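Reviewing the structure listed below.
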Amino acid sequence: MALLTRRMVWLKGVVFASFIGLLGCSSPTVSEYADNSPDFALSQFFSGHLTAHGILKNRSGKVIRYFDADLHGQWQDGVGTLKEDFVFDDGEKQHRTWTMTPDEHGQYIATANDVIGHGVIRQAGNALFMQYVLRIPYDGDTLDVSVDDRMYRVNDRVVINESVLSKFGFDVGYLTLVIEKVVDPE
């Protein structure tokens with residue numbers, strides 16, 4: 001009986017330690033970046049001409065696609081439009097147009113032609129987080145994947161974006177890209 005009691009105490013300790021370990025592994029929230037700079041002013045950064053260059057990895061981390069994109073943003077009465085034209089390494093082209101509308105909570109609601117429903121953009125300091133469901137072409141059909149976008153403004157001209165794509169709660173892909181403002185020579 002004493003051996004059984006010691007094993008139960010040990011097991012409870014292992015379960016408790018595992019639970020505490022899981023709490024420590026939670027992902028950061030956007031508010032944790034509130035003191036970082038430069039400030040990620042959405043309407044300032046996503047205005048005018050930008051370029052993006054990135055990679056797409058499969059669930060095991062192997063790079064499976066490369067792409068370049070031209071982006072153009074404009075704002076009117078506080079509402080932003082961001083047009084994205086992607087060209088992938090295999091020649092495939094994709095177009096997306098985002099509309100970003102401010103809400104009463106100081107966030108933005110984002111919609112796009114291939115987004116199911118909408119995403120909510122949360123900003124703090126140099127960070128911008130957004131989650132949404134994206135409909136992507138897949139094997140002659142389409143597939144809806146959840147996207148967890150995390151963007152970090154590095155300086156006045158550069159943002160680094162990391163995205164996790166998931167389906168049924170499992171990670172199925174990873175996207176990394178660099179977005180750069182195009183500065184016209186004066």
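Below, each value reflects all heavy atoms present in this structure, side chains not excepted, and no hydrogens, waters or symmetry copies. Being a predicted model, the structure only gives us computed values, none of them experimental.
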- Message: Ile109 vs Val120, test: side-chain contact (heavy atoms from CB on, under 4.5 Å). Steps then yes/no.
- Response: CA-CA 5 Å; Ile109 303 299; Val120 177; 3.9 Å; yes
- Item | Trace of the salt bridge (Lys or Arg N to Asp or Glu O under 4.0 Å) decision for Asp85 with Lys93 | CA-CA 7 Å; Asp85 294 307; Lys93 295 180 179 182; over 6 Å; no
- Item | Distance in Å, Gln94 CD paired with Ile136 CD1, rounded so as to fall on 0.5 Å steps | 8.0 Å
- Query: Should Leu82 and Met100 count as side-chain neighbours, where that means a heavy-atom distance under 4.5 Å?
  - Reply: yes
- Group every Ile, Leu, Val, Met, Phe, Trp and Tyr by side-chain heavy-atom contacts under 4.5 Å, then state whether Val158 and Leu42 land in the same group. no
- Nearest heavy atoms of Gly78 and Pro102, plus distance in Å: O-CD, 3.3 Å
- Message: Under 4.5 Å between side-chain heavy atoms, counting indirect links through other Ile/Leu/Val/Met/Phe/Trp/Tyr residues: same cluster for Tyr152 and Leu50 or not?
- Response: no
- Note on the structure: Smallest heavy-atom separation, Pro38 atom then Val154 atom, equals CD-O, 3.8 Å
- Note on the structure: dist Leu71:CG -> Ser47:OG (nearest 0.5 Å) comes out at 12.0 Å
- Task: Can you see which heavy atom on Arg150 is nearest to which on Pro28, and at what distance?
- Result: NH1-O, 3.0 Å
- Query: Do Asp148 side-chain atoms and Ser166 backbone N/O form a donor-acceptor pair below 3.5 Å?
  - Reply: no
- Message: Between Tyr108 and Trp98, is the ring centroid distance below 6.0 Å?
- Response: no
- Task: On the 0 to 90° scale, with breaks at 30° and 60°, tag the Phe45-Phe40 ring pair as parallel, tilted or perpendicular.
- Result: perpendicular
- Task: Answer yes or no: are there more than 12 heavy-atom neighbours, outside Asp35 itself, under 6.0 Å from its atom CG?
- Result: no
- Message: Is there a side-chain contact (heavy atoms from CB on, under 4.5 Å) between Asp70 and Thr51? Walk through the geometry before answering.
- Response: CA-CA 5 Å; Asp70 276 315; Thr51 61; 3.7 Å; yes
- Task: Measure the CD-CZ distance between Gln107 and Phe129 for me, rounded to the nearest 0.5 Å.
- Result: 13.0 Å
- Task: Measure the shortest side-chain to side-chain distance between Thr81 and Thr97 over non-hydrogen atoms and say whether it is less than 4.5 angstrom.
- Result: yes
- Short side-chain donor-acceptor distance under 3.5 Å, Gln76 and Gln74: no
- Message: Nearest 0.5 angstrom please: Asp171 CG to Ser60 OG, how far?
- Response: 11.5 Å
- Heavy atoms only: give me the nearest Gly119-Tyr132 pair and the separation to one decimal. CA-CB, 4.0 Å
- Task: Taking atom NZ of Lys83 as the centre, report whether more than 12 heavy atoms of other residues, nucleotides or ligands fall under 6.0 Å from it.
- Result: no
- Test side chain to side chain contact (heavy atoms under 4.5 Å, CB included), reference His118, set Thr101, Thr111, Val133, output is Thr111
- Item | Note: Arg96-Glu84 ion pair, threshold 4.0 Å (strictly below) | yes
- So if you build clusters from Ile, Leu, Val, Met, Phe, Trp, Tyr with side-chain heavy-atom gaps below 4.5 Å, do Ile121 and Val30 land together? no
- Check whether any side-chain N or O of Asp149 sits under 3.5 Å from a backbone N or O of Met130 as a donor-acceptor pair, and report yes or no. no
- Query: Where is the tightest heavy-atom contact between Ser31 and Ala124, given as atom of each residue plus distance?
  - Reply: CA-CB, 4.0 Å
- Under 4.5 Å between side-chain heavy atoms, hopping through other hydrophobics if needed: is there a path connecting Leu177 to Leu56? yes
- Message: For Pro137 versus Glu92, what's the shortest heavy-atom pair and its separation?
- Response: CG-OE2, 3.7 Å
- Message: Starting from Phe67, can I reach Leu143 by hopping between I/L/V/M/F/W/Y residues whose side chains sit under 4.5 Å apart?
- Response: yes
- Message: Quick check: do Thr99 and Val79 have side-chain heavy atoms less than 4.5 Å from each other?
- Response: yes
- Query: So, the side chain of Asn126 versus the backbone of Asn36: is there a donor-acceptor pair under 3.5 Å, distance only?
  - Reply: no
- Task: To the nearest 0.5 angstrom, please state how far the CG atom of Leu134 sits from the CG atom of Leu165.
- Result: 7.0 Å
- Message: Measuring from atom NZ of Lys181 to atom CD of Gln44, what distance do you get when rounded to the nearest 0.5 angstrom?
- Response: 5.5 Å
